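Here's the structure, in structure tokens; my notes come after.
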Amino acid sequence: MNVWLRILILFPILFIFSALFYGAVFLIFPELYSASRTEYELLMSTNFSILFLTQIALLLGTISSILFVSKIINKESPLFLKSMMNIKGLLVGIFLGIFLILLTVTLMSFFNPLKIRYQGFDIRSFFYLVIFFIVAISEEMLSRGYIFYNLFSSINKLFAILSSSLIFALMHVFNSSLNTVGFINLILAGILFTLLYLSKMNLSIPIGIHFSWNFFLGPVLGFSVSGFVTNSVFKTEYASGKVFSFQGFGLEGSFFLTLIIIPFIIYFF
């Protein structure tokens, strides 16, 4: 079967499996049925039980759909899953994610001084550790795992990297706070994550960087994470009191990240 058809088939199957698991969450929390989009986003950001269970539902839906398509349609085992939980790879990715954030924040401070204010440690930070790790696993299994893995074995390698990274960015288009720079940065992040995966054929590296980027961006430094607002240990602001131009979507929507991530892409390429 054509590789593009295999990828196209994945998404309705992903929707079906995810809907089944999400249905269980809606049964537990019936208030989600009648919630408007604004109310739903508020429940997701304030009710940790709902947030946790919806992310578990998405993870189970992703795993189930990938296993189903791989076994039934591709007629093979998804070999990329074997490298997901490599400790060394996770640590390398986590370090790179933190390093990228520190470089981006440092670059920002050269143009407009920053004030990083301590707000106090919150036990919910441990909860966000779990949430963002689940998110990283789900998105990397889908993007760098199934989609890129299939493209890489079937088409031109460079085109496979670019195509899978574009699909990764398109998966975020329903985010109401997404801006043009944010969309470009998502493509660039997809390229970087893919190159890191290719460096060792180790899916745990992009999982690690994806996880640490989201966690240190939101619960630690207080930026939005792709439009999602969390409680944070610190609050990062311009010393002048000026509001960030990328406030809604978060640091991913900043041109400063673009300037940082491109040299990393060139280096790992």
Side-chain angles (χ1 to χ4, degrees), residues 35-48 50-51 55 94-133 135-136 139 169 171-190 192-193 209-265:
S36 64
R37 180 172 180 175
T38 303
E39 291 169 338
Y40 180 83
E41 291 177 352
L42 181 62
L43 285 169
M44 289 286 286
S45 61
T46 57
N47 190 315
F48 288 97
I50 292 177
L51 179 60
Q55 293 308 313
I94 288 170
F95 170 79
L96 284 171
I98 296 171
F99 188 54
L100 271 173
I101 293 172
L102 293 177
L103 282 179
T104 306
V105 171
T106 301
L107 179 63
M108 288 173 58
S109 66
F110 284 134
F111 290 88
N112 202 329
L114 295 174
K115 176 178 65 176
I116 300 178
R117 174 168 47 89
Y118 179 68
Q119 299 192 126
F121 180 79
D122 194 322
I123 194 66
R124 284 174 289 188
S125 296
F126 289 111
F127 179 80
Y128 285 124
L129 272 172
V130 178
I131 290 296
F132 284 120
F133 191 59
V135 170
E139 294 192 4
M171 287 163 55
H172 296 77
V173 294
F174 295 107
N175 190 316
S176 59
S177 58
L178 179 64
N179 58 15
T180 302
V181 177
F183 185 75
I184 293 171
N185 283 340
L186 286 172
I187 295 175
L188 293 176
L192 177 61
F193 291 1
I209 191 173
H210 197 146
F211 158 69
S212 64
W213 174 264
N214 285 345
F215 181 73
F216 277 83
L217 196 63
V220 176
L221 292 178
F223 292 101
S224 296
V225 183
S226 299
F228 180 70
V229 180
T230 69
N231 300 97
S232 62
V233 178
F234 298 94
K235 181 65 176 178
T236 306
E237 303 169 305
Y238 281 131
S240 62
K242 180 182 175 183
V243 177
F244 294 127
S245 59
F246 50 83
Q247 185 76 28
F249 193 62
L251 200 59
E252 296 105 322
S254 166
F255 185 63
F256 295 110
L257 176 60
T258 314
L259 296 176
I260 291 296
I261 205 169
I262 288 176
F264 275 82
I265 290 174

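This one's a predicted model, so the numbers in the text were calculated from it and none came from an experiment.
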*To the nearest 0.5 Å, what is the distance between CG (Leu217) and OG1 (Thr236)?*
9.0 Å

*Hey, are the side chains of Leu188 and Leu192 touching, using non-hydrogen atoms and a 4.5 Å cut-off?*
no

*Are any non-hydrogen side-chain atoms of Leu186 and Leu178 less than 4.5 angstrom apart?*
yes

*Taking all non-hydrogen atoms of both residues into account, name the closest pair between Pro219 and Tyr128 and its distance.*
CG-CB, 3.5 Å

*Can Phe249 and Phe183 be said to form a side-chain contact (heavy atoms from CB on, under 4.5 Å), step by step?*
CA-CA 10 Å; Phe249 193 62; Phe183 185 75; over 6 Å; no

*For the side chain of Ser212 and the backbone of Phe95, is there at least one donor-acceptor N/O pair under 3.5 Å apart?*
no

_Heavy-atom pair with the smallest gap, counting every atom of Glu252 and Asn185_ = O-ND2, 2.7 Å

*Decide yes or no for Trp213 and Leu257: does some side-chain heavy atom of the first lie under 4.5 Å from some side-chain heavy atom of the second?*
yes

_Ring-plane angle category for His210 and Phe193, please: parallel below 30°, perpendicular beyond 60°, tilted otherwise._
tilted

*Would the Phe223 and Phe244 ring centres measure less than 6.0 Å apart?*
yes

*Hey, could you give me the CD/CZ distance between Gln55 and Phe133, rounded to the nearest 0.5 Å?*
13.5 Å

_From CZ (Phe215) to OG (Ser232), nearest 0.5 Å_ = 10.5 Å

*To the nearest 0.5 Å, what is the distance between CD (Glu237) and NZ (Lys115)?*
5.0 Å

_For Ser177 against Gly227, the heavy-atom pair lying closest together_ = OG-CA, 3.4 Å

_For Phe216 and Phe234, I'd like to know if the aromatic rings sit close, meaning centre-to-centre distance below 6.0 Å._
no

*Enclosure of Phe99 CZ (heavy-atom neighbours >12, cutoff 6.0 Å)*: no

*asked:* Let me confirm one number: the OG-CZ distance from Ser109 to Phe256, rounded to the nearest 0.5 Å.
replied: 9.0 Å

*Sidechain-backbone polar pair: Ser254 side chain, Phe246 backbone, donor-acceptor under 3.5 Å*: no

*Test ring-ring contact (aromatic ring centres under 6.0 Å, His included) on Phe111 and Tyr238 and set out the steps.*
CA-CA 10 Å; Phe111 290 88; Tyr238 281 131; over 10 Å; no

*Go through Leu51 and Phe228 one step at a time and tell me if the side-chain contact (heavy atoms from CB on, under 4.5 Å) criterion holds.*
CA-CA 11 Å; Leu51 179 60; Phe228 180 70; 3.8 Å; yes

_Taking atom CZ as the centre, does Phe110 end up with more than 12 heavy-atom neighbours from other residues, nucleotides or ligands that are less than 6.0 angstrom away?_
no

_As an exercise, state the distance from CG of Asn214 to CG of Leu129, rounded to the nearest 0.5 Å._
12.0 Å

